[in-house]
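Accompanying notes for the structure given below.
Atoms within each ligand, like the ligands themselves, are counted from 1 in listed order.
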Amino acid sequence: MKKSNDVIRYFLYGIVCSICFGCGKTAVAPLPVGPVPSENQMRWQEMEYYAFVHFSLNTYTDQSWGYGNEDINLFDPEKLDCRQWARICKESGMKGIILTAKHHSGFCLWPSEYTEYSVKNAPWKNGKGDVVREMADACKEYGLKLGIYVSPWDRNRPDYGRPEYITYFRNQIKELLTNYGPIFEIWFDGANGGNGYYGGADENRTIDRTTYYDWKNTYKMIRQLQPEIVIWNDGGDRGDLRWVGTESGYVGETNWSLLNATGEVEWAMLHYGLENGDSWVPAEVNTSIRPEWFYHPKEDNKVKTVPQLMETYYNSIGRNGTLLLNFPIMPNGLIHENDKKAALEFGATVKASFADNLAKKKKVSATNVRGDSKKFEAENSTDSNPDTYWTTDDSVTTASLTIDFEKPTSVNRFLAQEFIRLGQRVKSFAVEGFIDGTWKELTKGTTIGYKRILRFPSVETTKIRFTITDAKGSPVISNIGVFNAPVFLNAPTIMRNQAGEIVIATDDIGPYFYYTRDGSEPTSKSEKYTGPVPTEGKIEIKAIAYDPATDKSSPVALEKFDISRKDWKIVGIGDEKAYTILDGNISTTWHQNKTKEVVIDLGGEQNLSGFKYHPDESRWEPGIITHFEFYVSSDNKKWKRVDQGEFSNIKNNPVWQIRKFAPLKARFIKLQALKNAEDNDNMGYAEIDVITD
Ligand code: FUL
């Protein structure tokens with residue numbers, strides 16, 4: 001169908017070109033350049049912003065990945081209210097919700113007919129509940145689309161790893177795609193940590209990601225059941241969308257919505273796309289509103305702030321991606337107040353930032369208009385109509401649009417959108433302002449795609465010139481926007497170095513810091529930070545950044561520190577650099593290869609009840625420890641193992657790992673690394689700390 005349309009268009013194009021032959025002008029629409037999005041991908045891309053909801057038995061066990069043997073009786077969310085989730089999402093400007101119907105533990109949030117490990121055997125609503133149904137109803141009520149996360153890796157199933165499991169998995173997908181109305185997206189996470197309960201086998205099972213799931217036939221079934229769906233998959237066959245290689249909330253500044261249909265996908269391809277890829281596979285940026293995906297009470301004060309969320313917005317939607325922002329649900333079945341507040345403020349800030357397009361209804365001119373035709377004129381880029389566009393003659397791949405404000409106007413954001421139904425074309429562009437009678441470059445970028453937003457410091461300018469400096473064909477621009485968005489101060493970072501000193505810092509230039517130690521909210525009247533502050537023992541610090549010129553403060557940063565590490569000694573490692581793991585700074589790291597353990601003398605007996613490990617979060621060879629044992633001792637001779645296990649999902653989400661154990665007294669601690677994410681001998685550490693009673 002699509003092919004024959006193309007043939008007709010080529011034919012018409014030929015006729016018009018021959019009529020215009022000699023004048024070099026063309027008046028028909030340009031032909032597509034490279035792959036183009038399907039209607040399903042188009043509909044999905046236009047959603048821009050939607051939610052993830054992580055809720056399962058993990059919510060009750062404080063885990064990131066359930067093992068598959070967690071007690072079903074734990075699932076009893078006494079206040080579960082999917083309408084609360086939907087309301088918050090709707091009011092924050094989101095367009096849909098993807099629910100973890102089944103996470104890696106295998107526990108099902110709907111009463112699946114194919115397993116006993118589901119809500120039907122949980123105390124919640126006496127086994128009569130169905131979270132997927134409640135979610136579907138709430139989405140319908142609030143005008144949101146519903147998406148489903150169903151984990152291929154299932155740590156509960158006895159048949160996982162064998163062919164029978166694929167039938168089970170498909171039956172579950174069929175239930176989910178048949179019984180709950182239209183599903184806009186299905187999410188297949190590629191995680192597979194190997195070991196699991198597996199119906200009591202309690203063993204390690206590996207599968208071949210490329211063949212085991214037989215995705216081709218599964219996709220066929222999915223598309224038959226839900227013809228309008230998009231498939232996300234990072235664990236095997238290419239779906240309709242791609243992961244961006246990180247869960248930290250950003251995609252590459254250069255971001256092509258293209259990949260090759262077959263062949264290995266390296267990290268850089270996920271992150272930047274592939275300029276000459278043969279298929280349209282756009283980027284979805286998935287990240288959580290807290291450090292982790294599931295709810296952990298210890299993260300109640302770690303909910304992302306509005307400046308952090310705005311950063312994520314510019315680095316996802318502002319870079320030709322969509323944003324999938326996660327809410328962890330609390331054990332009672334609700335979204336926490338702090339998450340709700342952050343999401344609503346974030347939504348309001350996005351709205352306010354882009355409410356007033358200063359380019360709208362302004363005089364706009366172009367250096368070239370295709371065939372000098374009104375149909376492709378410059379004004380199409382400022383008419384707020386996504387179906388019209390400005391484009392040039394085919395021979396032109398560098399061209400400018402100039403917007404004349406006719407008076408000095410303050411601006412700090414530039415937005416551009418390509419008409420991607422004709423392919424992603426722009427390779428580079430620049431934005432200039434006409435300031436004091438001359439053109440000055442304000443910012444420049446590489447790809448545009450569906451949407452690109454660039455930030456630059458506020459300037460007063462009478463005109464803006466947008467120049468496409470390189471493109472794969474004639475540029476096709478459906479929308480441009482110029483804004484003067486509110487600017488925020490970031491909450492500062494609070495660290496405590498090994499000497500016990502508090503150090504407060506920020507990436508912003510110039511603000512002052514004020515802090516408190518008594519739990520009260522800091523203001524510009526609180527203690528002013530003038531340099532490292534000596535402290536002793538356990539301490540809680542709250543701090544703000546403050547700009548006296550604007551009288552604006554950042555959100556409050558809060559850090560709780562356990563005992564000071566002043567008297568700590570790293571034992572048996574003659575490398576002074578190892579002390580970076582105690583310097584309070586997660587950007588400084590240390591690696592070991594031969595020995596795979598770190599022994600620390602705490603300088604005296606302590607009441608220990610847990611430990612913390614922060615991995616090296618850099619991209620290349622971070623040596624992230626995934627499996628560990630933790631020991632304590634009073635004399636550095638006789639050791640007692642107090643904890644062991646996995647740091648689940650640490651590879652994709654390299655954040656603080658916090659482990660608790662039954663309190664006991666000891667002077668020495670030992671973190672024994674058993675395995676890292678790359679399966680080699682390189683063990684990386686950013687920080688090690690303890691939790692005391
Ligand atoms: C990851 C999973 O392993 C996490 O638990 C989470 O569900 C996230 C969205 O995808 O890779």
Counting each atom of ligand 1 from 1 as listed, which ones have a heavy atom of [X] under 4.0 Å away?
| X | answer |
| --- | --- |
| H103 | 4 (C), 5 (O), 6 (C), 7 (O) |
| N652 | 11 (O) |
| F52 | 9 (C) |
| H54 | 6 (C), 7 (O), 9 (C) |
| A191 | 3 (O) |
| H104 | 2 (C), 3 (O) |
| D189 | 1 (C), 2 (C), 3 (O), 10 (O), 11 (O) |
| E247 | 1 (C), 8 (C), 10 (O), 11 (O) |

| query | Checking D240 side chain against I231 main chain: does a donor-acceptor pair fall under 3.5 Å? | reply |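 Indeed, once roles are kept as given, a pair shorter than 3.5 Å links the two residues.
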| How would you list, by chain and number, every residue that makes a side-chain contact (heavy atoms from CB on, under 4.5 Å) with Q308, sequence neighbours excluded? |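 Checked Q308 against side-chain contact (heavy atoms from CB on, under 4.5 Å); matches are K304, T305.
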| field | Closest protein heavy atom to atom 4 (C) of ligand 1, given as residue, atom name and distance to 0.1 Å | value |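 The answer is N649 ND2, 3.5 Å.
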| query | At a 4.0 Å cut-off, with the gap strictly under it, does some heavy atom of F294 reach an atom of ligand 1? | reply |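 Outside the 4.0 Å threshold, so no.
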| query | Would you call E134 and K125 a salt bridge, taking side-chain N to carboxylate O under 4.0 Å as the test? | reply |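 Counted as a salt bridge, because a side-chain N and a carboxylate O are separated by less than 4.0 Å.
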| field | salt_bridge(R155, E646) N-O dist < 4.0 Å | value |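 Yes, R155 and E646 are salt-bridged.
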| Can the ring centroids of H103 and F294 be said to lie less than 6.0 angstrom from one another? |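 Judged by ring-centre distance (under 6.0 Å), H103 and F294 do meet the cut-off.
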| field | Listed once per pair and sorted, the side-chain hydrogen bond (donor to acceptor under 3.5 Å, both in side chains) pairs that draw on residues 72-82, sequence neighbours left out | value |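 Listed by first then second residue: D71-N73.
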| message | Checking side chain to side chain donor-acceptor pair (under 3.5 Å) between N233 and each of W243, Y219, W187, which is the one that passes? | response |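 When side chain to side chain donor-acceptor pair (under 3.5 Å) is applied between N233 and each of W243, Y219, W187, only Y219 qualifies.
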